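Everything below concerns the one structure shown next.
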Amino acid sequence: MIITIDGPAAAGKGTLAQKLAAKYNLAYFDTGMVYRAVGIDLIANGISPDNIVGAEESARNMTFSKMQELAQNPDFRSPIGGQAASKVAAMPKVRELLLKMQQDFAKKPIAKDGSVVAGVVYDGRDTGTTVCPNADIKLFVTASPEVRAMRRHKEYLQKGLPSMYEDVLAQTKERDLRDSSRAASPLKPADDAVIIDTSDMGIDEVFAKVCRIVDEKL
Ligand code: CDP
């Protein structure tokens with residue numbers, strides 16, 4: 001069983017994907033990590049995330065274990081990591097180089113506890129359109145930029161990171177624009193995706209709705 005969940009930043013994809021993976025005993029792949037890994041790899045080596053040659057070189061040498069190592073960097077989940085990820089993610093060759101790594105995960109999906117399981121929940125921007133066009137269930141989870149920025153702002157504050165709502169809103173809009181206007185795999189729902197707007201929905205409500213879709217499919 002392959003479930004893809006695409007959508008813009010802070011729409012609630014990650015939480016939903018992890019809850020689904022736990023309930024249906026599936027692995028979870030946060031595909032944004034591959035782009036964050038390249039972005040952080042560049043920054044850690046003093047290279048600008050706008051540097052195409054550097055980004056392609058990093059993507060060429062990226063492995064699953066290197067990505068997990070880079071995820072320990074304090075900037076990996078910060079706005080710095082997010083902006084760097086969205087810059088390298090706009091480079092077509094970088095996307096092409098990282099695609100196989102994302103697709104290969106489904107061949108032998110490993111769950112959180114290390115066991116091999118029967119499927120994957122993918123979370124990202126193009127998992128239903130490019131990474132797994134044959135997925136069993138495709139979801140596109142979205143919310144208004146204001147609601148998403150407020151969620152991200154609260155998340156940063158909870159983690160003890162400094163945050164200003166206006167700045168987070170501006171960054172959210174900037175990333176939305178870059179993600180949806182790029183030439184390679186722009187952010188857009190797959191033709192056969194179920195679109196869920198979570199602006200006025202809590203995570204439990206979203207989860208219950210999606211579980212009904214999965215149970216029906218099963
Ligand atoms: O949740 P958030 O958007 O903050 O982070 P993420 O999912 O880790 O994505 C970071 C960036 O990676 C996004 O802004 C996209 O530019 C890029 N990305 C992508 O292009 N394709 C994916 N499948 C996943 C992420």
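Remember, it's 1-based here, ligands and their atoms both numbered in the order they're listed. Keep in mind the model is a prediction, meaning the values are calculated, not measured.
Within the structure, ligand 1 lacks Arg178 among the residues with a heavy atom less than 4.0 angstrom away.
Regarding atom 4 (O) of ligand 1, its nearest protein heavy-atom neighbour is Arg152 NH1, 2.4 Å. If you check which protein heavy atom lies closest to atom 25 (C) of ligand 1, you get Gly32 CA, 3.4 Å. Residue, atom and distance of the protein heavy atom nearest to atom 8 (O) of ligand 1 are Arg36 NE, 2.6 Å. Nearest protein heavy-atom neighbour of atom 10 (C) of ligand 1: Arg175 NH1, 3.4 Å.
Which parts of ligand 1 touch Ala85 is read off a 4.0 Å heavy-atom cut-off, strictly below it: atoms 10 (C), 11 (C), 12 (O). Close approach of ligand 1 to Ser86 is summarised as follows: ligand atoms under 4.0 Å from at least one heavy atom of the residue are 14 (O), 16 (O). Heavy-atom contacts of Thr31 reach the following atoms of ligand 1: 22 (C), 23 (N), 24 (C) (cutoff under 4.0 Å). Against a heavy-atom cut-off of under 4.0 Å, Gly124 is close to the following atoms of ligand 1: 23 (N), 24 (C). Under a 4.0 Å criterion applied to the non-hydrogen atoms of Asp126, ligand 1 contributes the atoms 21 (N), 22 (C), 23 (N). Under a 4.0 Å criterion applied to the non-hydrogen atoms of Ala89, ligand 1 contributes the atoms 16 (O), 17 (C), 20 (O).
Not a single N or O atom of Thr127, backbone or side chain, sits closer than 3.5 Å to an N or O atom of ligand 1. Considering backbone and side-chain N/O of Tyr35, none are found under 3.5 Å from N/O of ligand 1.
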- Query: What's the verdict on side chain to side chain contact (heavy atoms under 4.5 Å, CB included) for Tyr28 and Lys112, showing C-alpha distance, side-chain angles and the deciding distance?
  - Reply: CA-CA 8 Å; Tyr28 167 55; Lys112 227 177 171 182; over 6 Å; no
- Item | Steps toward side chain to side chain donor-acceptor pair (under 3.5 Å) verdict (Asp126, Thr129) | CA-CA 5 Å; Asp126 63 342; Thr129 50; 5.3 Å; no
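Counted by atom type alone, Ser185 and Thr130 present one or more donor-acceptor pairs between their side chains at under 3.5 Å. A donor atom on one side chain and an acceptor atom on the other are not found under 3.5 Å apart for Ser86 and Arg175. No side-chain N or O of Ser48 forms a donor-acceptor pair with one of Asn51 less than 3.5 Å apart. Using a 3.5 Å distance cut-off with no hydrogens or angles, the side chains of Asp197 and Thr142 do not pair a donor with an acceptor. The closest side-chain donor-acceptor pair between Arg151 and Thr198 falls under 3.5 angstrom. Judged by distance alone, the side chains of Tyr24 and Asp215 do bring a donor and an acceptor atom under 3.5 Å apart.
Ion pairing between a basic and an acidic side chain is recognised when a charged N comes within 4.0 Å of a carboxylate O; Lys138 and Asp6 show no such pairing.
Under 4.0 angstrom from ligand 1, the non-hydrogen atoms of Asp179 all belong to its side chain. Contacts between Glu155 and ligand 1, counted as non-hydrogen atom pairs separated by less than 4.0 Å, are absent for every part of the residue.
Remark: Lys100 NZ is loosely packed, at most 12 non-hydrogen atoms of other residues, nucleotides or ligands lying under 6.0 Å away.
Counting only non-hydrogen atoms, the option in Gln83, Arg125, Arg95, Lys87 that gets closest to atom 20 (O) of ligand 1 is Arg95.
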